[in-house]
Amino acid sequence: MSGIADNLARIKNSLPNGVTLIAISKTKSNEDILEVYNAGHKILGENKVQELIGKYNELPKDIEWHLVGHLQSNKIKYVIPFVALIHSVDSWKLLLEIERQAMKTGKRVKVLLQIFIANEETKFGLDEEELIEICEATEHFPHIEICGLMGMATNTEDMNVVRTEFKSLKALFDKIKLQYFSDISSFKEISMGMSSDYQIAIEEGSTMVRVGSSIFGER
Ligand SMILES: *Cc1c(COP(=O)(O)O)cnc(C)c1O
């Protein structure tokens with residue numbers, strides 16, 4: 001087995017039931033990605049539209065592609081036909097454009113709303129007030145299925161900070177679920193945790209971990 005397949009197997013075996021692994025393949029070659037695919041893992045994620053489209057065209061069509069990075073609304077239309085889940089919806093404007101493009105294709109696009117939980121200037125995401133505004137207006141987005149929330153913790157060695165941020169995302173998810181999605185069974189995902197912190201994220205209630213470098217190696 002290659003290093004990549006070994007890493008994948010080790011991580012997959014460590015995940016509890018109900019936690020989905022998204023293998024983040026950004027900057028990695030098709031050859032590397034095929035090692036994961038041939039080991040039986042077909043759920044992959046990219047953070048850039050251009051790169052995602054290239055890989056979608058070149059790689060097997062039964063790969064389930066997730067988009068995890070900050071998105072410009074003018075690029076949305078290229079991924080709508082095939083993307084399985086957009087994790088990073090962080091503005092009203094983006095939501096409107098996804099609705100417009102999804103309507104054209106007649107399909108319902110699955111998204112997560114990205115919440116700002118870090119204490120850094122650099123991370124994208126909605127605050128609680130913006131989240132609530134969106135949740136109160138879902139009738140404007142009939143072609144969008146809101147499947148849950150996503151968040152990225154502060155990039156720090158201090159795992160107490162990371163844990164506190166994950167806890168706050170879980171608490172917000174529970175509150176929003178109860179208030180707006182209590183009878184909508186598809187609102188169930190909390191996408192949190194990357195290579196450095198996915199174990200903590202799982203302890204705090206993550207249902208989707210986005211792991212790149214621990215599978216594919218450093219970028
Ligand atoms: C790159 C990336 C990841 C994976 O990061 P690793 O540290 O390599 O596991 C997860 N989520 C997002 C949004 C990313 O851009």
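In each ligand, atom 1 is the first atom listed, and ligand 1 is the first ligand listed.
Looking at residues two or more places apart in sequence or on another chain, you find a side chain to side chain contact (heavy atoms under 4.5 Å, CB included) between Lys93 and Ser73, Ser91.
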Could you give the side-chain donor-acceptor pairs of residues 212-219 under 3.5 Å, partners two or more places apart or in another chain?
residue: Ser213; atom: OG; partner: Ser195; partner atom: OG; Å: 3.3
residue: Ser214; atom: OG; partner: Ser195; partner atom: OG; Å: 3.2

Let me check something: any side-chain donor-acceptor pairs from residues 104-118 under 3.5 Å, sequence neighbours excluded? List them with distances.
residue: Thr105; atom: OG1; partner: Ala102; partner atom: O; Å: 2.9
residue: Thr105; atom: OG1; partner: Lys107; partner atom: N; Å: 3.2
residue: Lys107; atom: NZ; partner: Ile80; partner atom: O; Å: 3.1
residue: Lys107; atom: NZ; partner: Pro81; partner atom: O; Å: 3.3
residue: Arg108; atom: NE; partner: Pro142; partner atom: O; Å: 3.1
residue: Arg108; atom: NH2; partner: Ile144; partner atom: O; Å: 3.3
residue: Gln114; atom: NE2; partner: Phe124; partner atom: O; Å: 3.1

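Side-chain contact between Ile11 and Val211 is present, with at least one heavy-atom pair separated by less than 4.5 Å.
Sorted by chain and number, the heavy-atom contacts of ligand 1 below 4.0 Å come from Ile24, Lys26, Asn47, Val68, Met152, Met194, Ser195, Arg210, Val211, Gly212, Ser213, Arg219.
Figure legend: Lys61 and Phe82 shown without cation-pi pairing, the cationic atom not lying both under 6.0 angstrom from the six-membered ring centre and within 45 degrees of its axis.
Glu189 places no side-chain N or O within donor-acceptor distance of the main-chain N or O of Leu149, the cut-off being under 3.5 Å.
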